[in-house]
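In what follows, chains are A, B, ... by sequence order, proteins preceding strands, each numbered from 1. All values below were derived from every heavy atom in this structure, side-chain atoms included, with hydrogens, water molecules and symmetry-related copies excluded.
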Amino acid sequence: MSKPSIPKGTRDFLPNQMVKRNYIFNTIKSVFKNYGFLPIETPAMEKTETLMGKYGEEGDRLIFKILNSGDFLKKVDSNELKDRDGRKITQKISEKALRYDLTVPFARFVVQHQNDIAFPFKRYQIQPVWRADRPQKGRYREFFQCDVDIIGSNSLLNEVELVQIFDDVLTNLNIPDFTVKINNRKILAGLVEVLGHPDKLIDITVAIDKLDKIGVEKVCDELRQKDVSEQAIEKLTPLLTIQGDNNEVLAVVTDIVKDSEIGRKGIEELNYVLDTVKSIGLKNAKVEFLPSLARGLNYYTGAIFEVTANNVNIGSICGGGRYDDLTSIFGLKDISGVGISFGADRIYDVLEELDLFPIEIASTTKVLFVNFGEQEAAHCLKLVKELRENGISSELFPDKAKMKKQMTYADNKSIPYVAMVGSNEMEKGLISLKNMESGEQKDVTIQDLITLLNN
RNA sequence: GUGAUUGUAGCUCAGCUGGUUAGAGUAUCGGUUUGUGGUUCCGAGGGUCGCGGGUUCGAAUCCCGUCUUUCACCCCA
């Protein structure tokens, strides 16, 4: 038999990795709570129809479908099988699919539970999502998203708050240099309008989104390929070539879209968010208006965000935006939502690459008691109990093993103190305590130990 | 989904153009030290060379398929 393994793009997490992951989740969670968000969870799988068509054509392809149980072919007749129409057959043999993100299931959740929710509803959700993509660096088939959304409020103050959350979380994780890129779908809509290609929103935005990567020339080539007129490309060029601070970029883009009502609206929204954020002030985040930022997800209608850690080559670590009418697909109209997502796995890779995990998080056990035998162990058990009652993580080695083995165990687990209590110490009512880092050793009472470790 | 790429002990890797029982470091375990780890020395276990076919007298080494890894494209956290 060959060695067991797990599916492509998925991972097991060892304890030392989980400790680091939990550090990320806890940091994120505490910021979310601090802003008044409440937790929810939704199932790993949704009905296929809930997910299909929400992420664009490319997205549909990347959704993992779950085969029906039992005789899954019973609804397919042999003619359909012969036609080999994958889409049609998929509908009949798969009714469920793994969630692709947390936003669409959240929209479904809001509609389904609308009478149990007070609006505006602020929720956070930290769960895995699945995408049938080819794995690469920073790209997995199963990964965790940490979402915060405010739904049922049109206020742009929500956008402002989300930028603050980006800033708080990434600052708390000690990421030294990161940029919040911001744009507005209304500006993009206005843009394609004045370019005379209102029907080519997706084609054009996908093309200009690649600006950073492939450069002006190739973006124009791609636009030509999509039958965008030379006139339109010419009009677009200033936007593609502009360099400068937010105000300068803003001036250029404002001028380009000035004849479009929706475009002007987008500029106005963007201005408000940028100004308000500026007046409140941020800790670390750089905020950059990036008119070429598009984001692939189809449901965004207003602000769009993307965050990248600078000096690391790991794609974007966060994303998000406003979606005005996502719930209407599920039958609830006029509810606008806005939210962002932290990619926990990519943040992990960034922290790892920049060596930003605090060392303290490695150890959970503070003291290990050496096991010298039955009598001694029984005595230590009482001491361990007392430490635990005082909130100090401690453990007694379960076997009467050699000293060397027990010390090595403590060493491997990065346990900072080893307590040795043999017959001598038992008689005196003391604990011989060794500091594993300095190698120092001294006799202390249980009370000394508690005070020492509670600091 | 397209085009490349990787796969040898738990981990990191040697193994020349196919040729005897596939090696090293590290980790693990045992002894040196029957109460002292990270930092002594000695020794042991552990691999049907990703898997399945094929070529050959002979394959870890060549060919095909498959899975996995990494990378680019597509797209994205």
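- No aromatic stack links A/F372 and the base of B/G35, using centre distance under 5.5 Å and interplanar angle under 30°.
- Nucleotide B/U6: unpaired (no Watson-Crick or G-U wobble partner with both distances less than 3.5 Å).
- A search for salt bridge (Lys or Arg N to Asp or Glu O under 4.0 Å) contacts involving A/E222 returns A/K210, not counting sequence neighbours.
- Looking at residues two or more places apart in sequence or on another chain, you find a side chain to side chain donor-acceptor pair (under 3.5 Å) between A/D221 and A/R224.
- Every salt bridge (Lys or Arg N to Asp or Glu O under 4.0 Å) that A/R108 has, sequence neighbours left out, goes to A/E46.
- Heavy-atom distances under 4.0 Å link RNA chain B to A/S316, A/I317, A/C318 of residues 302-318 of chain A, given in residue order.
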Practice problem: Determine, for nucleotides 37-43 of chain B in 5'-to-3' order, which nucleotides have protein heavy atoms under 4.0 Å from the base (write B), from only the sugar-phosphate (write S), or from neither (write -). | Solution: BB-----
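- Aromatic rings of A/F342 and A/F166 (six-membered ring for Trp) have centroids within the 6.0 Å cut-off, being under it.
- Atom-to-atom, CD1 of A/I340 to P of B/A77 comes out at 13 Å; the value is rounded to the nearest Å.
- The side chain to side chain donor-acceptor pair (under 3.5 Å) test applied to A/T42 returns A/Q125, not counting sequence neighbours.
- Checked against salt bridge (Lys or Arg N to Asp or Glu O under 4.0 Å), A/D212 has no partners two or more places apart in sequence or in another chain.
- Sorted by first and then second residue, the side chain to side chain donor-acceptor pair (under 3.5 Å) pairs involving residues 6-17 of chain A (not counting sequence neighbours) are A/R11-A/D345.
- The base of B/C75 is not paired with the side chain of A/R131 by any donor and acceptor separated by under 3.5 Å.
- A/E288 meets the side chain to side chain contact (heavy atoms under 4.5 Å, CB included) test with A/T179, A/K181, A/N246, A/L290; sequence neighbours excluded.
- Remark: A/D411 engages no residue in a salt bridge (Lys or Arg N to Asp or Glu O under 4.0 Å) (not counting sequence neighbours).
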Any N/O pairs under 3.5 Å between the protein and nucleotides 68-70 of chain B? List them or say none.
from	atom 1	to	atom 2	distance (Å)
B/U68	OP2	A/K8	NZ	3.3
B/U69	OP1	A/G9	N	3.3

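- With sequence neighbours left out, the side chain to side chain contact (heavy atoms under 4.5 Å, CB included) criterion links A/K385 to A/E389.
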